[in-house]
Amino acid sequence: MSTEQLLAFVLSLNPGFWVIACAPFALLAQGGFQRSLALIGPPILALLIMLYPPAEVSSGTAVLGFLGLEISLYRTDSLSLIFALGFVLAAVLGGIYSLHRRDRLQDAAGLVYAGAAIAAVFAGDLVTLAVCWELTALASSLLVFASGGRDSLPAGMRYLMMQILSGVLLISGVAMTGLAEGSFILSEIGRLQDGVLVGVFDLDAPGTLLILAAVGIKAGFPLAHTWLQDAYPNTTETGAVVMSAYTTTLAVYVLARGFAGLDALIWIGAVMTIYPIFFAVIENDLRKVLAFSTNNQIGFMVCAVGVGTPLALNGAAAHAVAHIVFKGLLFMAMGAVWMRTGSTRATDLGGLHRTMPFTALFCLIGAASISALPLLSGFASKSMIMSSVHSGEGLMLVWLMLLFASAGVLEHSGIKIPYFAFFSHDSGRRPEEAPFNMLLAMGLSAGLCLSIGMSPAWFYELLPYRDVAREYLVQDLFTLEHILTQLQLLAFAVLAFLLLKRAGLYPPEAPGIILDVDWVWRRGWPLAAGPVRAPLLGVLRSVAAAGRDVLGRVGAMMAEVFSPAGALASRASAVSGAVWAVALLAIVVIISVVSLT
C-alpha cells in the first residue's frame with residue numbers, strides 16, 4: 001500500500017475509531033512522555049482528520065453494506081463538526097489534566113469514552129450510533145468504579161444500570177424504526193418548515209418514543225437526572241472532568257438532529273433549568289452542586305432544541321461546546337481542591353485562595369463564564385438561546401423561567417462554588433497549589449472562555465447556520481441594551497446573595513444528604529415492602545424446601561435406573577435397550593425413504 005493510499009484510508013475512517021484504537025497504547029505507556037503522547041495524540045489526530053476529510057466523505061454520506069444493512073460509519077456536516085470539536089477539546093484538556101495520575105485503566109477508559117462520543121456524532125446510521133452509545137456507557141462506568149472509595153462501587157452499579165436502561169431503550173427503538181422505514185441511515189439536519197426545523201425522527205413512527213426516552217435518560221430529563229449527582233462526586237478528580245463533557249452533550253446532539261422543533265422539549269428544558277437551583281443552593285458537596293448545575297445548563301440546550309429555529313439550534317450547539325469548556329474548568333478546580341484536601345464539602349473548605357491562588361483565579365473565570373458575564377463564553381452562547389426564546393410566539397413564560405434560572409446559575413455556580421471553596425470562612429487548611437499539568441489544563445480552558453467571549457466571530461463561523469450567527473453577532477450580541485440587561489440581572493443576583501447572607505436567610509452549609517427522586521427506589525420501595533417482607537420470605541422458603549424435596553425424589557429414582565447397580569446395568573436391560581435402539585433406527589430410515597419417494 002502506497003503512502004497516498006494509506007493516507008486516504010486513514011482519512012476515510014470515522015475519527016472517533018482512531019481514538020478508540022489508540023486506547024491500548026495508554027495501557028502500555030510507561031514514562032511521562034509516552035503517557036503524554038498516548039493521551040493527547042489521539043484526539044489531535046481526530047482533529048486533523050475532521051479538518052481534512054476526503055471529498056467523497058465530506059460531500060455527503062458514504063454508505064456501505066454490512067450483513068444486509070446499509071451502514072454509514074462516517075458522515076460529516078456542520079452539526080456533527082461543532083459537537084465533535086467540543087469533544088476533541090475535552091479530550092485534549094482532560095488528557096493534560098490527567099498527566100499527574102498514573103492510572104492506566106482510567107487513561108484507556110477515557111480515550112474509549114472520548115472516541116466513542118466523537119464516533120457517535122459522526123455516525124451516519126442508527127446502528128453505528130447505538131454501538132457508540134453503548135461504548136460511552138461502558139467506558140464511563142469504569143471511571144466511576146476507578147475511584148475505589150466506599151461509595152464508588154454502589155454508585156457505579158447504579159450509574160451502569162441507568163446507562164444500560166438507556167442503551168436497551170435505544171437499541172429497541174432503533175430496531176423498530178429501522179425495520180419500519182426500511183433503512184437505518186440518518187439524514188442531514190432537519191428541514192425548515194415555517195421557520196422552524198423539523199427533526200429527522202417522526203414521533204408517529206414505531207420506536208421513536210423509545211429513542212426519545214433513551215436520550216432523555218442520558219440528558220438527565222426530570223425524574224431521570226439523579227445519576228449525575230450520584231456518579232460525578234464518587235469518581236476521581238480526573239474522572240469527573242472527563243465525564244462532564246460527553247454523556248449529556250451527546251444526548252443534546254441526538255436531540256438536535258432527531259427531535260428539533262419538538263414543542264415538548266421546550267417545557268422539559270425549562271423545567272430542567274429551574275428545579276436543580278433549589279437543590280444546588282442547599283447542597284454541601286460542591287461537586288454535587290456542579291452536577292446539579294449540569295442539569296441546569298443542559299436544560300437551556302434542550303429548550304433551544306425544542307424551539308427549533310436556526311438561531312436556537314446555533315445557540316444549543318454553541319452552548320454545548322462552551323459548557324464543555326467552562327463546566328470542565330469548574331470540575332478541574334474542584335478536582336484540584338479534592339486532591340489536595342480530600343474533600344469538596346463546603347463545610348470543610350474556605351480560605352484556600354491563600355495557598356491555591358491560581359486554582360482560585362481559574363475557578364472565578366469558570367464561574368463568571370457559566371454565569372454568562374459579558375466578554376466570556378457563556379454570554380456568547382446563552383444569549384442566542386435567550387433571544388430565540390424571547391422572539392418565539394407564546395414563549396414569554398418560558399423566557400421568564402430561563403431568566404430566573406440564569407440568575408440562579410449565578411447563585412449556585414457563579415458565587416457559591418468559588419466563595420465557599422476559596423473565600424469563605426478560613427478552614428485553617430493550607431494545601432499546596434495544584435500540579436503544573438492541572439494548572440496548564442485550567443489555564444487553557446480559561447483562555448478558551450475568554451477567547452470565545454471577547455472575540456466570538458471565529459466561534460460563530462463553526463455553527464450550523466453561519467449566516468444567522470453572523471447576523472446575530474452584528475446586530476444583537478454586543479448592543480448596549482443587551483449588555484446592560486445582562487449586567488443588571490447579574491447585579492441583582494449578587495445583591496440578593498449578599499442580602500440573604502447578611503440577614504442570615506441564605507441556606508446554611510451543613511453536612512447531610514439531600515433527598516431527591518432516587519429516594520423512591522433506593523429507600524422508598526424497601527420501606528414499603530417491609531411489612532410483607534417476612535411473609536414473602538416464608539413463602540419462598542417453603543417453595544424452596546418443596547422444590548428440594550421433589551428434586552431429591554427425582555434424583556433417587558434416576559439413581560435406581562441409571563446407577564451401576566440400577567435396572568439398566570443388568571444384561572437383560574442392556575439387550576432390551578439395544579433392541580429398542582435398532583427398532584427406532586429402522587422407523588427413522590423407513591420414514592426418510594417414504595419422504596424421498
Side-chain angles (χ1 to χ4, degrees), residues 83 117 120 129-130 133-134 136-137 140 158-174 199 201 203 207-232 243-280 288 290-308 312-313 315-316 319-320 323 327 385 389 395 398 401-402 405 408-409 514-522:
F83 277 88
L129 175 64
W133 192 271
E134 289 297 280
T136 60
S140 57
R158 290 190 294 269
Y159 173 82
L160 187 59
M161 243 180 2
M162 293 296 290
Q163 300 305 310
I164 289 176
L165 175 60
S166 173
V168 170
L169 290 172
L170 181 69
I171 293 172
S172 302
V174 164
F201 292 125
L203 285 181
T208 301
L209 290 179
L210 293 177
I211 296 176
L212 181 60
V215 178
I217 292 175
K218 287 265 193 185
F221 279 7
L223 305 182
H225 65 279
T226 55
W227 60 265
L228 286 98
Q229 293 77 39
D230 194 19
Y232 286 10
M243 292 180 67
S244 68
Y246 302 113
T247 298
T248 51
T249 310
L250 177 58
V252 172
Y253 164 78
V254 177
L255 287 174
R257 182 170 296 281
F259 298 96
L262 179 60
D263 290 339
L265 293 179
I266 299 175
W267 295 100
I268 292 174
V271 172
M272 288 177 68
T273 64
I274 295 291
Y275 76 81
I277 295 174
F278 303 101
F279 290 96
K288 279 192 177 182
L290 290 178
F292 281 117
S293 176
T294 299
N295 287 127
N296 167 274
Q297 295 299 300
I298 295 298
F300 282 95
M301 304 173 212
V302 171
C303 185
V305 170
V307 172
L313 195 65
H319 201 54
H323 176 260
K327 184 57 65 64
I385 297 176
V389 173
L395 297 179
V398 175
M401 293 172 69
L402 298 189
V409 170
I514 306 300
L515 296 181
D516 207 335
V517 294
D518 59 339
W519 180 89
V520 174
W521 56 83
R522 293 176 63 176

K.L.:
Within the 4.5 Å heavy-atom criterion, are Leu165 and Trp227 side-chain neighbours or not?
P.N.:
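Result no, sub-4.5 Å side-chain heavy-atom pair not found.
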K.L.:
Between Val271 and Pro222, what is the shortest heavy-atom contact and its length?
P.N.:
CG1-CG, 4.0 Å
K.L.:
For Phe300 and His323, I'd like to know if the aromatic rings sit close, meaning centre-to-centre distance below 6.0 Å.
P.N.:
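Between His323 and Phe300, which both carry aromatic rings, the centre distance is not below 6.0 Å.
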K.L.:
Apply side chain to side chain contact (heavy atoms under 4.5 Å, CB included) to Val215 and Tyr253, showing your working.
P.N.:
CA-CA 10 Å; Val215 178; Tyr253 164 78; over 6 Å; no
K.L.:
State, yes or no, whether a side-chain contact exists between Ser140 and Tyr246 at a heavy-atom distance under 4.5 Å.
P.N.:
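No, side chains not in contact.
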K.L.:
I want to check something: taking the side chain as every heavy atom from C-beta on, are Phe83 and Arg257 in contact at a cut-off of under 4.5 Å?
P.N.:
no
K.L.:
For the residue pair Met272 and Gly299, what are the closest heavy atoms and their distance?
P.N.:
CB-CA, 3.6 Å
K.L.:
Evaluate side chain to side chain contact (heavy atoms under 4.5 Å, CB included) for Gln229 paired with Asn295, printing each intermediate quantity in order.
P.N.:
CA-CA 9 Å; Gln229 293 77 39; Asn295 287 127; 2.6 Å; yes
K.L.:
Do Thr208 and Phe259 come within less than 4.5 Å of each other through their side chains, counting heavy atoms only?
P.N.:
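Side-chain contact under 4.5 Å: yes.
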K.L.:
To the nearest 0.5 angstrom, please state how far the CD1 atom of Ile298 sits from the NE2 atom of His225.
P.N.:
14.0 Å
K.L.:
Check whether any side-chain heavy atom of Leu313 sits under 4.5 Å from a side-chain heavy atom of Val307, and report yes or no.
P.N.:
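In short, these two side chains do not touch, never coming nearer than 4.5 Å.
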K.L.:
So, for Ile277 and Ala405, which heavy atoms are closest and what is the spacing to 0.1 Å?
P.N.:
CD1-CA, 3.5 Å
K.L.:
Run the side chain to side chain contact (heavy atoms under 4.5 Å, CB included) test on Gln163 and Lys218 for me, step by step, so that the C-alpha distance in whole Å, both residues' side-chain angles and the decisive distance to 0.1 Å come before the verdict.
P.N.:
CA-CA 7 Å; Gln163 300 305 310; Lys218 287 265 193 185; 3.1 Å; yes
K.L.:
Run the numbers on Thr248 and Leu228 for side chain to side chain contact (heavy atoms under 4.5 Å, CB included), then give the verdict.
P.N.:
CA-CA 9 Å; Thr248 51; Leu228 286 98; 4.0 Å; yes
K.L.:
CE of Met401 to CD1 of Ile266: how many Å apart, nearest 0.5 Å?
P.N.:
11.5 Å
K.L.:
Roughly how far apart are Ile211 CD1 and Leu203 CG, rounded to 0.5 Å?
P.N.:
10.5 Å
K.L.:
Between atom CD1 of Ile164 and atom CD1 of Ile217, what is the distance when rounded to the nearest 0.5 Å?
P.N.:
11.5 Å
K.L.:
How close do Thr136 and Ala117 get, heavy atom to heavy atom, and via which atoms?
P.N.:
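Looks like CG2-N, 3.8 Å.
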K.L.:
For a quick test of reading the model, state the closest non-hydrogen atom pair linking Leu265 to Gly306 and the distance between them.
P.N.:
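Of all heavy-atom pairs spanning Leu265 and Gly306, the closest is CB-CA, 3.7 Å.
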K.L.:
For the residue pair Glu134 and Gly167, what are the closest heavy atoms and their distance?
P.N.:
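Where Glu134 meets Gly167 most closely, the heavy atoms are OE2-CA, 2.8 Å.
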K.L.:
Can you find a heavy atom in the side chain of Lys288 that is under 4.5 Å from one in the side chain of Tyr232?
P.N.:
no
K.L.:
Rounded to the nearest 0.5 Å, what's the gap from CG on Leu395 to CH2 on Trp267? Could you check?
P.N.:
7.0 Å
K.L.:
Going by heavy atoms in the side chains, are Leu262 and Leu212 under 4.5 Å from each other?
P.N.:
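A side-chain contact exists here, since the closest heavy-atom pair is under 4.5 Å.
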K.L.:
With His319, which residues qualify under side chain to side chain donor-acceptor pair (under 3.5 Å), at least two apart?
P.N.:
Gln297, Ser381
K.L.:
Tell me, please, which residues at least two apart from Ser166 pass side chain to side chain donor-acceptor pair (under 3.5 Å).
P.N.:
Trp133
K.L.:
Among all residues two or more places apart in sequence or in another chain, which pass the side chain to side chain donor-acceptor pair (under 3.5 Å) test with Thr273?
P.N.:
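Applying side chain to side chain donor-acceptor pair (under 3.5 Å) to Thr273 gives none.
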